[in-house]
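Take a look at the structure set out below.
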Amino acid sequence: QVQLVESGGGLVQAGGSLRLSCVASGRPLANYFMAWFRQGPGKEREFVAGVSRNSGCTYYADAVKGRFTISRDNVKNTVYLQMNSLKPEDTAVYYCAARGSNGNSYLVRQYDLWGQGTQVTVAS
């Protein structure tokens, strides 16, 4: 069974940057389509970004396009989310998710594995 552990969250001023990491243990990350979701206060969990198994395809929510970049290193079994030009509305718990199928999905229920989440707070 794969376990996902996120890190890199914290408090940052608006306009700042953070890089989140998600390390997988138990099985090769290369077997999974990987994504980041987030859940803000009082909101439903939403898709942020996704990356295919070989990094050939990436997908982004409209709200983060041009500011966030998802990447992966299958040798290190790690997925990253580089977040630039952060806004207060980016404040949320960010979750790493893995999907056995290689296609993208924006739906929470179509992901098989989840990390515990890391808090990102953007101060105005």
Side-chain angles (χ1 to χ4, degrees):
Q1 182 75 348
V2 176
Q3 289 188 321
L4 305 176
V5 179
E6 303 97 333
S7 62
L11 173 64
V12 64
Q13 294 294 316
S17 298
L18 284 174
R19 188 174 84 153
L20 306 183
S21 298
C22 171
V23 179
S25 62
R27 286 186 183 177
L29 197 64
N31 293 341
Y32 297 88
F33 180 96
M34 298 299 298
W36 288 93
F37 283 73
R38 68 185 181 186
Q39 188 165 13
K43 298 181 179 180
E44 294 186 352
R45 196 170 297 190
E46 63 178 2
F47 175 87
V48 175
V51 58
S52 61
R53 291 173 181 169
N54 64 356
S55 301
C57 295
T58 56
Y59 308 85
Y60 296 94
D62 288 343
V64 307
K65 278 180 183 176
R67 300 189 298 121
F68 290 11
T69 302
I70 188 170
S71 61
R72 65 192 295 164
D73 185 335
N74 288 340
V75 173
K76 294 183 178 179
N77 249 20
T78 303
V79 178
Y80 305 97
L81 185 67
Q82 177 66 44
M83 305 186 295
N84 299 328
S85 302
L86 282 161
K87 305 175 180 180
E89 51 263 44
D90 295 318
T91 295
V93 178
Y94 283 72
Y95 297 90
C96 177
R99 184 162 185 259
S101 299
N102 198 30
N104 183 41
S105 175
Y106 300 94
L107 301 177
V108 170
R109 66 176 182 268
Q110 294 190 349
Y111 285 80
D112 306 303
L113 301 166
W114 293 86
Q116 83 289 349
T118 185
Q119 176 70 47
V120 171
T121 303
V122 184
S124 57

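Quick caveat, the model's predicted, so the values are computed rather than measured.
Closest of all the heavy-atom pairs between Phe33 and Arg53 is N-CG, 4.0 Å. The minimum heavy-atom distance between Val51 and Ser55, with the atom names listed, is CG2-CA, 3.7 Å. For the residue pair Gly117 and Val93, the shortest heavy atom distance occurs at CA-CG1, 3.8 Å. In terms of heavy atoms, Leu29 sits closest to Ala24 at CD1-CB, 3.5 Å.
Residues Leu86 and Phe68 have side chains in contact (heavy-atom distance under 4.5 Å, counting atoms from C-beta outward). No side-chain heavy atom of Tyr80 sits less than 4.5 Å from a side-chain heavy atom of Thr69. Side chains of Asp90 and Val120 form no contact here, defined as non-hydrogen atoms less than 4.5 Å apart. Using a 4.5 Å cut-off on side-chain heavy atoms (C-beta onward), Met83 and Val64 make no contact.
By the criterion of side-chain heavy atoms lying less than 4.5 angstrom apart, applied directly or through intervening Ile, Leu, Val, Met, Phe, Trp or Tyr residues, Leu4 is grouped together with Tyr94 in one hydrophobic cluster. Cluster annotation: Val2 is not connected to Tyr95 through the hydrophobic network of ILVMFWY side chains, with a link wherever side-chain heavy atoms come within less than 4.5 Å. Hydrophobic clustering keeps Val79 apart from Trp114 (ILVMFWY residues linked when any side-chain heavy atoms are closer than 4.5 Å, directly or through intermediates).
Between the side chain of Glu6 and the backbone N or O of Gln116, at least one donor-acceptor pair lies under 3.5 Å. Between the side chain of Asn77 and the backbone N or O of Pro28, no donor-acceptor pair lies under 3.5 Å. Remark: the backbone N or O of Ser52 is paired with a side-chain donor or acceptor of Arg72 at under 3.5 angstrom. Listed for the Ser101 side chain is no donor-acceptor partner under 3.5 Å among the backbone atoms of Gly103. For Arg99 (side chain) and Gln110 (main-chain N/O), a donor-acceptor pair under 3.5 Å exists by modelled atom type. Not one N or O on the side chain of Thr121 forms a donor-acceptor pair closer than 3.5 Å with the backbone of Leu11. Under the 3.5 Å distance criterion, the side-chain polar atoms of Thr118 are left unmatched by any main-chain donor or acceptor of Ser7.
Under a cut-off of 6.0 angstrom, the local environment of CD in Gln119 is crowded, with over 12 non-hydrogen atoms contributed by other residues, nucleotides or ligands.
Separating the SG atom in Cys57 from the CD1 atom in Ile70 is a distance of 12.0 Å, to the nearest 0.5 Å. One distance of note links CD of Glu89 with CZ of Arg38; it measures 8.0 Å at 0.5 Å rounding. The SG atom of Cys96 sits 9.5 Å away from atom CG of Leu113, with the distance rounded to the nearest 0.5 Å. One distance of note links CG of Asn102 with CG of Asn54; it measures 7.0 Å at 0.5 Å rounding. Rounding to the nearest 0.5 angstrom, the gap separating the CE atom in Met34 from the CG atom in Asn74 is 9.5 Å. To the nearest 0.5 Å, atoms CD (Glu46) and CD (Glu44) are separated by 9.5 Å.
Aromatic rings from Phe47 and Trp36 are positioned such that their centres are separated by 6.0 Å or more.
Sorted by first then second residue, the side-chain hydrogen bond (donor to acceptor under 3.5 Å, both in side chains) pairs that include residues 16-33, not counting sequence neighbours, are Ser17-Asn84.
Ion pairing between a basic and an acidic side chain is recognised when a charged N comes within 4.0 Å of a carboxylate O; Lys65 and Asp62 show such pairing.
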